[in-house]
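All chains are named by letter (A, B, ...) in the order of the sequence lines, taking the proteins before the strands, and each is independently numbered beginning at 1. Keep in mind that the numbers below use all heavy atoms, side chains included, and drop hydrogens, waters and symmetry copies.
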Amino acid sequence: MSETTQTFHKLGRLRTRPEFLFVANRNGRSKYAAHPTLIVQMRKHATRETGINCGFTATKKIGNAVVRNRAKRRLRECARSYLSHLGQDGHDYVFIARQTTATCDWQTLCDQTQKALLRLK
RNA sequence: UCAGAGGGUCGGGUGGCCGCGAGGUGCAAACUUCGAGGAAAGUCCGGGCUCCAUUGAAGCAGGAUGCCGGAUAACGUCCGGCGAGGUGGAUGUGAAAAUCUACCUUAGGGAAAGUGCCACAGAGAGUAGACCGCCUUGGUUUCAAGGUAAGGGUGAAAGGGUGUGGUAAGAGCGCACCGCUGGUUUGGCAACAAAGCAGGCAAGGUAAACCCCAUCCGGAGCAAGACCAAAUAGGGAUGGCAUUUGGCGGGCUUUAACGUCGCCAUCCGGGUAGGUCGCUAAAGACGACGGGCAACCGCCGCCUUAGAUGAAUGGUCACCGCUCAGUAAUGAGUACAGAACCCGGCUUAUAGACCCUCUGAUAUA
RNA sequence: CGGGGUGUAGCUCAGUAUGGUCAGAGUUCUCGCCUUGGAAGUGAGAUGUCAGAGGUUCAAACCCUCUUGCCCCGA
């Protein structure tokens with residue numbers, strides 16, 4: 001545990017629209033894994049070699065502001081739990097919420113996050 | 001006790017583990033305090049605040065409001081009253097009308113300032129009108145001329161209503177009551193109400209049709225705006241002189257004042273990415289007392305209560321509440337919904353719980 | 001956050017300036033005729049809570065108010 005905390009003091013965040021589009025670009029070297037409760041996109045960062053950045057997205061289609069906020073919070077909690085030891089160094093991740101993200105069982109959301117991260121590794 | 005209507009209040013709690021944002025202390029590690037709503041929503045109104053150089057005066061255009069009085073910073077909001085309409089009850093009656101009372105609703109100025117519209121049907125739809133009917137005269141079989149708005153029929157609406165006199169038949173043609181209009185008196189701050197007088201039936205509906213009248217409104221909005229500042233383009237800022245004429249500068253016009261377009265001197269910055277401020281203590285919340293029918297106001301005490309910017313305020317587990325189902329064990333559900341400059345309202349969404357008032361049913365006394 | 005537009009047959013749209021006869025056109029669909037059969041043509045028919053609710057009016061797709069869906073624009 002101490003090694004992981006040494007390597008990743010804090011997860012960086014994707015903030016601007018170009019960063020999200022860079023990770024989502026299918027023509028480049030991005031990968032993605034889709035599950036019923038969430039979608040994870042990953043791409044190696046252009047210049048930086050170490051550190052992990054992540055971003056969270058919830059579209060208007062999945063519900064009103066309360067549902068979208070809840071979905072993003074749950075995704076953020078999943079990322080905090082698993083990304084530090086399952087994520088690859090020097091890559092960026094984007095978590096996309098689906099309609100079941102806010103309402104589904106917490107354990108299934110954790111399982112599917114783990115599966116998605118392992119598949120992308 | 002149950003059901004319904006109206007109004008008001010609240011709208012889960014405790015703990016463990018792991019986290020987030022802001023403030024404070026600290027060199028740091030860390031510790032500590034605080035951290036969504038009644039609608040934060042829709043953006044439908046009204047303000048504060050900021051900029052538009054100045055936002056002065058008059059008018060036009062445009063928009064909004066619209067019974068009266070009050071509250072308020074202001075409002076299209078709120079409170080009280082008036083008129084109108086509806087429902088229930090009582091009096092009243094053969095039945096009604098009418099009167100009184102309780103509750104609810106109400107965008108409710110002006111239709112004798114003017115214009116427009118009133119389809120279809122109907123004889124006639126707004127300076128009335130003769131289809132049937134009724135009456136008179138002529139002819140006397142059909143019918144023709146005239147009078148007539150009582151009756152029929154059409155229509156959402158047929159040009160006061162009921163009764164009586166009158167008449168060839170009728171008609172406000174006369175009269176009584178009701179309605180209407182005008183002015184008077186009384187009550188009321190007023191809207192308006194009541195009383196009695198006069199007129200003599202003219203004046204249909206529609207202004208959420210144009211319009212008229214009264215009152216109010218400059219525009220844009222925190223992505224306003226101010227400051228620090230990579231890049232890029234071009235000059236920019238300050239001071240002095242001149243400011244006669246002219247041009248430009250509010251949605252438009254006129255007018256008043258002003259700014260700028262000119263010359264000279266001095267100085268060096270400029271402001272996009274990014275960052276900082278604006279940014280939360282305010283028409284503030286709570287409680288007592290006093291004034292007021294009330295909205296609300298005054299005074300005193302006490303408290304400080306989010307401030308993010310791809311956007312914190314959480315995730316998860318356990319227990320307890322509450323509701324429903326079930327004898328029980330137990331199971332299911334626990335709403336609507338997330339601040340983005342800040343206030344006052346309106347509208348819309350909302351599981352469930354509690355309180356007050358009224359109505360009905362049942363039970364008991 | 002602020003500003004604007006729009007919703008009518010399964011689809012694409014008229015009709016709303018001035019409320020009434022009027023809810024209509026093209027396309028689609030159904031059934032005939034034509035053809036050996038199909039397409040095209042031709043004749044007849046079907047299809048609507050005028051986005052929802054309330055109000056004004058004798059009368060509302062149209063006027064007024066509120067709600068809702070979709071689309072566009074500004075930095």
Problem set entry | Rounded interatomic separation in angstrom, taking CZ from R74(A) and C1' from U313(B) | 18 Å

Seminar exercise, completed: In whole angstroms, the gap separating C1' of G315(B) from CG of L109(A) amounts to 10 Å

Problem set entry | Whole-angstrom distance between A312(B) and C354(B), as gauged at atom C1' | 35 Å

For this session: Calculate the interatomic distance between E77(A) atom CD and A312(B) atom P; express it in whole Å.
Result: 14 Å

Problem set entry | Distance, P atom - from U347(B) to U105(B), rounded to whole angstrom | 13 Å

Exercise. When you check the glycosidic angle of A98(B), does it come out syn, meaning within 90° of 0, or anti?
Worked result: anti

Exercise. Under a 3.5 Å cutoff on both atom distances, Watson-Crick or G-U, what's the dot-bracket for RNA chain C ([ ] crossing, | other strand)?
Worked result: (((((((..((((......[...))))((((((.......))))))....(((((..]....)))))))))))).

For this session: Over all heavy atoms of both residues, which pair between R68(A) and A58(A) is shortest? Give the atoms and the distance, please.
Result: CD-O, 3.7 Å

For this session: Quick one: look up who C299(B) pairs with, Watson-Crick or G-U, both distances under 3.5 Å, and put none if it's unpaired.
Result: none

For this session: Calculate the interatomic distance between R68(A) atom CZ and G310(B) atom C1'; express it in whole Å.
Result: 13 Å

Seminar exercise, completed: To the nearest angstrom, the OH-C1' distance between Y82(A) and C18(B) comes to 12 Å

For this session: Could you measure between the two C1' atoms, the one in C34(B) and the one in C317(B), and give it in whole Å?
Result: 26 Å

Exercise. So, do T113(A) and V40(A) sit near enough that their side-chain heavy atoms are less than 4.5 Å apart?
Worked result: no

Check: protein-nucleotides 306-308 of chain B nitrogen or oxygen pairs below 3.5 Å:
none

Problem set entry | Atom pair distance, as rounded to whole Å: CH2 in W106(A) and P in U316(B) | 6 Å

Seminar exercise, completed: For A90(B), the nucleotide meeting Watson-Crick or G-U wobble distances (both under 3.5 Å) is U99(B)

Exercise. Syn versus anti for G251(B), judged by chi lying within 90° of 0?
Worked result: anti

Problem set entry | Considering all heavy atoms, the nearest P36(A)-R98(A) contact | O-CD, 3.6 Å

For this session: Taking only the side-chain nitrogens and oxygens of R76(A), find out if one of them lies under 4.0 Å from OP1 or OP2 of G19(B).
Result: no

Exercise. For RNA chain B, whose closest nucleotide is more 5', that of R70(A) or that of V67(A)?
Worked result: R70(A)

Problem set entry | Gap separating the CG atom of L86(A) from the SG atom of C78(A), nearest 0.5 angstrom | 11.5 Å

Seminar exercise, completed: Closest to the 5' end of RNA chain B, once C104(A) and V66(A) are matched to their nearest nucleotides, is C104(A)

For this session: Would you mind pulling out the nucleotide paired to U266(B), Watson-Crick or G-U wobble, both distances under 3.5 Å?
Result: A237(B)

Exercise. Given atom NZ of K72(A) and atom P of G315(B), what is their separation to the nearest angstrom?
Worked result: 14 Å

Problem set entry | Syn or anti conformation of C34(C), syn meaning chi within 90° of 0 | anti

For this session: Could you measure between the two P atoms, the one in U65(C) and the one in G161(B), and give it in whole Å?
Result: 41 Å

Problem set entry | Counter-base of G174(B), judged by Watson-Crick or G-U geometry with both distances under 3.5 Å | U164(B)

Problem set entry | Over all atoms of both residues, closest heavy-atom pair of A102(A) and R70(A) | O-CD, 3.7 Å

Problem set entry | Watson-Crick or G-U counterpart of C34(B), or none if no pair lies under 3.5 Å | G21(B)

Exercise. Applying a 3.5 Å limit to both distances, which nucleotide forms a Watson-Crick or G-U wobble pair with A285(B)?
Worked result: none

For this session: With syn defined as a glycosidic angle within 90° of 0 and anti as everything else, classify A36(B).
Result: syn

For this session: Please report the closest heavy-atom contact between Q88(A) and L120(A), naming both atoms and the distance.
Result: OE1-O, 3.9 Å

Exercise. For atom C1', what is the distance between G126(B) and G159(B), given to the nearest Å?
Worked result: 8 Å

Exercise. Using the P atom in both, what is the distance from U305(B) to G80(B), to the nearest Å?
Worked result: 38 Å

Exercise. Which base, if any, makes a Watson-Crick or G-U wobble pair with A41(B), both distances under 3.5 Å?
Worked result: U347(B)

Exercise. Reckon R73(A) has a side-chain N or O less than 4.0 Å from the OP1 or OP2 of U313(B)?
Worked result: yes

For this session: Scan every strand shown for a Watson-Crick or G-U wobble partner of C252(B), both distances under 3.5 Å, and answer none if you come up empty.
Result: G59(B)

Problem set entry | Minimum heavy-atom distance M42(A)-Y93(A), with the two atoms named | SD-OH, 3.3 Å

Problem set entry | Heavy-atom side-chain proximity of R74(A) to W106(A) below 4.5 angstrom | yes

For this session: Between U28(C) and U12(C), how far apart are the P atoms? Round to whole Å, please.
Result: 15 Å

For this session: Could you tell me whether a side-chain N or O of Q112(A) sits under 3.5 Å from a main-chain N or O of H35(A), the two making a donor and an acceptor?
Result: no

Problem set entry | Integer angstrom distance from the C1' of C201(B) to that of A295(B) | 48 Å

For this session: Taking syn as within 90° of 0 and anti otherwise, name the glycosidic form of G172(B).
Result: syn

Exercise. Just how far, in rounded Å, is P of G314(B) from CZ of F56(A)?
Worked result: 17 Å

